[in-house]
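Note sheet for the following structure.
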Amino acid sequence: MKRLNGLFAKAVLVLILISIVPVLIIGYHVMGVDSRVLKNEILQKQQTVASRLASVARAHISRKAQMFSIFVDLHTDFGGHDFVNQQDLHYLLARNPSIFYLAVLSPQGQQLLSAGQAAASINYKKIAPDILRACVEKGEEYISDVYQMPGGLFVLMAFPVRQHLDEVQVTGILVAEMNLQEMGESLSQAYPLDMNAIIATDEGEIISYNGAPDGLAQEPQPEMTQKVLAINSQLGYSRSGEVELPNGERVLVAVANLSLPGWKVYVDQPANVAAQLFVESTFHSFWDVLVLLLVMLAFVLVVSYWVIKPITRPLERLRKAAILQRENDDFVVHHNDVEIPNNEIGELASAFVDMSTALHMRRQELIRAQAELAQVNQALEKRVEERTRELKNASSELVKAERLAAIGQMASIISHEIRNPLAVISNATRLIKMLVTSPDPKLTKQFGIIDAEIKQANSIISEVLGYARTRDLILTTVDLNSYLRELLLSYPFIPGITLKEELDAESVRIKVDAEEIKQAIRNVVSNAIEAMPNGGTLTVGTKVGKRLVCIYIADQGPGITDEVRRKMFAPFFTTKARGTGLGLAVVGKAISRHKGKLFIQSKPGKGTCFQIYLKIYRKPGDTNYGESS
């Protein structure tokens, strides 16, 4: 009983009623239409289909002809040369898979160029007069009959070649053999499903037909050939009509001419199609039709209300519940939220309620699992980051230690192997100076040069050794202002350099390795002086902060480029003609060992300012600040 009241039974009943009643009514009145009118409509439809198929085939041939014509024009007037060459043929062959052979003939029919493999089934000597007559004498394109080949059907096309567009004289002929597979594929998509269609020549040679593989007749079709010949003989010059075939079957046929290659399109279907569509009508009264329409309308309204209303009401409540479920993930559908009738919709509503409850439970479980997984992932990521950071630091320190060890070993070798000879040279120079009683000014100058070069060499060795050797810091507490004044007082400034001190009035004490920081500051001062070969002002100052003090050294030199700033603290990098490239490397190393910071401000043409930040050990009157902080 439940199944009889179900949605399926009611839907079947409604579909039967709604399907049978309109069909009977429409069929009853359609049978009153004149059979000749419908027959003409069928022939017109077939004529339309035939014209469409002819357009498809004609468009394919026309596109190829237009392509070759444009190709010839572009490669004469606009191709950069006076005539089509071998490269042009290979280019056209490569860009058009349907073309498998190209040739260029002279106006006398002699072959000048070719590309691809010509079909063996074409006798060029036989068709050459027709090609020359069409292309040379008439200046028109030539299209041959269809040829059969193992790969399908193909056609030969020839086009006149002129050296310039506005000339009449033909200077050559472009011949192309082209596969019709592309046309066959286009025809396959255009063929009607409810009609028979054939494309053939006037002699009955079948080119294509509905249902042919790839849309082309790969093999001879004797039955279709007889059919085409019978249609041609009975229709004559008429484009449509009824024809009796050799097997006695009568068909309605429509023909469309494809004048370009001399083909025709034949579309037919059985002649009894029209008879099957027509039956004499028995109703001729207007009032009968009107009453019938009104009865049908009332019947459809009553039946629709009886069936559709019980469907739409529970479905509407179910739709609203589904919307709430979609918009609110925490919403759970209960039985009182939906209407559950005693049919398939009720079963669907019950299943939806159960699904909503199950989804809510699964979601809660998923949220808990995701939270636990997020905690585990966060802990793992933190451990991985810590281990990665430790590994990077260890690797960096190891590489740095190995590099410094190598440099230290090299520096020791240099110190031993070079300083001894330099000492010998220096002693020899002093001995010679003592032996010379009346020195020549030129000789004295040379002695000075030798002494200067020995000092330069010793300075380079000292820089290398100073950078390579790593010793423990010897920390002492110094008054910063006094420390800087003493350093600047002992520095040998060259003429032309003006020293400007901008020391902060509040002097602080710092705890540093005095010798290492002194060497770092001297290196920065030395670089600043060298940046001002024509003289200038060198500014050295301090700025005291809450926990840090800034030592800044500024020059009026040409400034530093961004590229040099990225490399300037790398060991052995220098922009000077003579130098080790270790001066600023020593500065960076010293500041890093004191856990300080080094910043550079520079603009091309406006000078450079080095800023060294060190931790304040103690301020005046401060008893709680120092090592404990």
Side-chain angles (χ1 to χ4, degrees), residues 389-390 392-397 399-401 403-404 463 466-467 470-485 487-488 501-528 531 538-555 557 559-571 573-574 581-603 606-619 622 625-629:
R389 185 164 53 251
E390 293 174 1
K392 287 183 178 179
N393 293 336
S395 300
S396 177
E397 292 298 328
V399 171
K400 185 176 180 180
R403 183 173 60 187
L404 290 177
E463 285 187 6
Y467 180 78
T470 301
R471 60 176 178 81
D472 294 335
L473 294 175
I474 304 174
L475 299 177
T476 57
T477 304
V478 298
D479 181 82
L480 182 59
N481 286 359
S482 301
Y483 177 73
L484 290 177
R485 289 192 183 98
L487 187 153
L488 296 174
E501 294 184 3
E502 295 181 352
L503 302 180
D504 198 303
E506 181 184 4
S507 181
V508 297
R509 299 179 68 82
I510 58 175
K511 194 170 186 178
V512 295
D513 188 316
E515 290 300 323
E516 189 165 322
I517 293 298
K518 178 189 292 186
Q519 186 61 42
I521 295 176
R522 287 176 66 90
N523 287 354
V524 175
V525 171
S526 176
N527 275 11
L538 175 68
T539 303
V540 179
T542 60
K543 290 183 180 179
V544 178
K546 185 176 180 182
R547 294 179 177 270
L548 298 175
V549 61
C550 173
I551 304 172
Y552 60 89
I553 302 168
D555 61 55
I560 303 174
T561 64
D562 292 339
E563 182 179 359
V564 173
R565 289 178 65 178
R566 288 193 295 267
K567 302 177 182 179
M568 61 191 304
F569 291 103
F573 173 78
T574 181
L582 293 175
L584 291 180
V586 169
V587 174
K589 179 181 176 183
I591 302 304
S592 176
R593 277 161 55 85
H594 285 78
K595 294 181 172 46
K597 298 292 182 180
L598 178 62
F599 298 96
I600 301 174
Q601 294 180 352
S602 180
K603 292 183 180 180
K606 295 186 178 181
T608 303
C609 179
F610 281 77
Q611 298 174 348
I612 301 172
Y613 287 85
L614 296 174
K615 185 177 180 182
I616 298 174
Y617 181 69
R618 183 177 290 113
K619 291 185 178 181
D622 188 354
Y625 200 92
E627 293 182 357
S628 60
S629 60

Do you know which two heavy atoms are closest between [X] and [Y], and how far apart they sit?
| X | Y | answer |
| --- | --- | --- |
| Leu614 | Gly596 | CD2-CA, 4.3 Å |
| Glu501 | Leu488 | OE2-CD1, 3.8 Å |
| Leu473 | Arg593 | CD2-NH2, 3.0 Å |
| Ile553 | Ala528 | CG2-CB, 4.5 Å |
| Gly545 | Ile616 | O-CD1, 3.6 Å |
| His594 | Asp513 | NE2-N, 2.9 Å |

Exercise for the section: Quick one: do Leu503 and Arg485 satisfy side-chain contact (heavy atoms from CB on, under 4.5 Å)? Show the steps, please. Expected result: CA-CA 9 Å; Leu503 302 180; Arg485 289 192 183 98; 3.8 Å; yes
Fill in the blank from the handout: The side-chain hydrogen bond (donor to acceptor under 3.5 Å, both in side chains) partners of Asp479 (sequence neighbours excluded) come to Ser482, Ser507
Exercise for the section: Please identify each residue that fulfils salt bridge (charged side-chain N to carboxylate O under 4.0 Å, His left out) with Glu502, with sequence neighbours left out. Expected result: Lys500
Handout entry: Counterpart residues, side chain to side chain contact (heavy atoms under 4.5 Å, CB included), relative to Lys543 (two or more places apart)
Key = Cys550, Tyr552
Handout entry: Tyr483 (side chain) donor-acceptor with Lys518 (main chain) under 3.5 angstrom
Key = yes
Practice task
Mark yes or no for whether Asn523, through its side chain, and Val587, through its backbone, hold a donor-acceptor pair below 3.5 Å.
Solution key: no
Practice task
Report yes if the side chains of Ile551 and Leu480 come closer than 4.5 Å at any heavy-atom pair, otherwise no.
Solution key: yes
I'd like a table of donor-acceptor pairs (distance under 3.5 Å, sequence neighbours excluded) in which one partner is a side-chain atom from residues 606-613, with atom names and distances.
unit_1 : atom_1 : unit_2 : atom_2 : d
Thr608 : OG1    : Ser602 : OG     : 3.0

Problem - Spacing of CG belonging to Asn527 relative to CG belonging to Asp555, to within rounding of 0.5 Å - result: 9.0 Å
